[in-house]
Structure formats: structure tokens, C-alpha cells
Chemist: 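Take this structure, written in C-alpha cells, and hold onto it; I'll ask about it next.
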Amino acid sequence: MSSKKRPELSGPPEEFYDAKEAAKYTSSSRIINVQKEIADRCIELLNIPPGERRLLLDIGCGSGLSGAALEDAGHAWIGCDISPDMLRIASDRVEANDDDDDDGSDDDGSDDDGSDD
């Protein structure tokens, strides 16, 4: 067994996952891959028919890594977490994605503004 103490045993998660640890967690390529694999497996277990978009609840969403994977799979999500710093990062990530997506075009790439001209 490793002599390294597991983070969840060092104290409550809302205290362990402060701004520094939340940022470190979110930028870890290993964690990003693990969260994607977990989200993909959850979608598989939910047996959602291909092409159907669902609203999913991510309990313990952390910084939103699994939520990003849910979005990549075409689903919407709502997340909750005990760590305010993790939620802050998740919120910032969602806002950054919304800003990137807000280019005036529809999802299909057209620039339809709803006018009849």
C-alpha cells in the first residue's frame, strides 16, 4: 500500500479542494481522461438511445470535467458539488464555452437571425 495519504482522508472535500487543488485537479490530463471514461460509461449504463438528448444530473460534478464529456456526447447537464472552488471552476468553464459558442451562428453553422430577408 502506498505511504501517500489519500486526499479524501485528509479532511472534508470542501476544505481539501480549495482553489489551488481544484485548479490542479482540473488541469490533470489523467483526471480529464478518467472523467471522460466515467461519463461515457454512465451514458452507456443509462441505455440512452443514440441521438436522444437528455438532461442529466451530475452529483459531485467537481470542476465540470464529466459534464463537458456529457455535453460532447450531446446531452445537457446540471451539476452540484460540495466544494465552492470546484463549482467556481465549473461555472467559469461553462461561461467560457458559452462565450465561444456565442458567435452568432446556429448549431448547424448558419447565420439565421430569425429575419425574413
Side-chain angles (χ1 to χ4, degrees):
M1 180 172 241
S2 172
S3 63
K4 213 173 177 184
K5 192 172 184 181
R6 293 174 53 175
E8 61 270 22
L9 300 178
S10 67
E14 66 273 20
E15 291 176 14
F16 177 77
Y17 286 109
D18 59 12
K20 178 184 172 190
E21 290 299 322
K24 186 165 57 170
Y25 178 93
T26 304
S27 63
S28 166
S29 59
R30 184 182 71 80
I31 296 295
I32 293 167
N33 289 331
V34 166
Q35 288 296 326
K36 180 174 177 5
E37 289 175 14
I38 291 170
D40 290 345
R41 180 67 174 140
C42 288
I43 292 168
E44 181 183 336
L45 291 171
L46 288 169
N47 200 26
I48 299 171
E52 279 195 25
R53 179 179 163 95
R54 297 288 173 93
L55 175 61
L56 303 171
L57 175 61
D58 186 353
I59 300 171
C61 69
S63 61
L65 294 174
S66 54
L70 295 172
E71 285 180 15
D72 290 345
H75 303 288
W77 65 284
I78 295 173
C80 59
D81 199 276
I82 195 168
S83 168
D85 289 302
M86 290 291 251
L87 286 173
R88 193 170 300 110
I89 290 174
S91 179
D92 291 347
R93 293 177 79 238
V94 168
E95 286 178 20
N97 284 342
D98 287 347
D99 290 344
D100 290 345
D101 292 341
D102 193 19
D103 61 2
S105 65
D106 290 337
D107 290 340
D108 65 1
S110 67
D111 286 329
D112 185 6
D113 63 0
S115 64
D116 292 330
D117 33 287

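Counting begins at 1 with the first residue of the sequence.
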Chemist: Enter the distance from L56:CG to L46:CG here, rounded to the nearest 0.5 Å.
Modeler: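 These two atoms lie 6.0 Å from each other.
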
Chemist: Starting at CD of Q35, measure out to SG of C42 and round the result to the nearest 0.5 Å.
Modeler: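 Result: 9.5 Å between the selected atoms.
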
Chemist: Can you tell me how far apart CZ (R88) and CG (D92) are? Round to the nearest 0.5 Å.
Modeler: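 Going from the CZ atom of R88 to the CG atom of D92 covers 8.0 Å.
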
Chemist: Has the side chain of D58 got a donor or acceptor atom that lies under 3.5 Å from a matching backbone atom of G79?
Modeler: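 No, because the side chain of D58 does not come within donor-acceptor range (under 3.5 Å) of the backbone of G79.
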
Chemist: May I ask whether L55 and I59 are part of the same hydrophobic cluster, defined by side-chain heavy atoms of I, L, V, M, F, W, Y residues being less than 4.5 angstrom apart, directly or through others?
Modeler: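 Linked, L55 and I59 end up in one cluster.
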
Chemist: Side chains of D72 and K36, heavy atoms from C-beta outward: is any pair under 4.5 Å?
Modeler: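 Answer no - side chains too far apart.
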
Chemist: Side chains of I82 and Y17, heavy atoms from C-beta outward: is any pair under 4.5 Å?
Modeler: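 No, side chains not in contact.
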
Chemist: State, yes or no, whether a side-chain contact exists between C61 and L87 at a heavy-atom distance under 4.5 Å.
Modeler: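 A side-chain contact exists here, since the closest heavy-atom pair is under 4.5 Å.
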
Chemist: Quick check: do V94 and W77 have side-chain heavy atoms less than 4.5 Å from each other?
Modeler: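 The answer is yes; the side chains approach within 4.5 Å.
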
Chemist: How long is the span from the OG atom in S66 to the CD1 atom in I32, to the nearest 0.5 Å?
Modeler: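 Going from the OG atom of S66 to the CD1 atom of I32 covers 12.0 Å.
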
Chemist: On a heavy-atom basis, which atom in Y25 and which in M86 lie closest, and how many Å separate them?
Modeler: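 Reported closest heavy-atom pair: CD2-CE, 3.5 Å.
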
Chemist: How many angstroms lie between atom OG of S83 and atom CD1 of I89, to the nearest 0.5 angstrom?
Modeler: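 Answer for the OG-CD1 pair, S83 versus I89, is 8.0 Å.
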
Chemist: Grab the two heavy atoms, one from G64 and one from A90, that are nearest each other, plus how far apart they are.
Modeler: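 In terms of heavy atoms, the two residues are closest at N-CB, 3.8 Å.
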
Chemist: Evaluate the side-chain proximity of R93 to L65: yes if any heavy-atom separation is below 4.5 Å, no if none is.
Modeler: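 Touching, per the 4.5 Å side-chain cut-off.
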
Chemist: Is there a donor-acceptor pair closer than 3.5 Å between any side-chain N or O of H75 and the backbone N or O of L70?
Modeler: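 Answer holds: no.
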
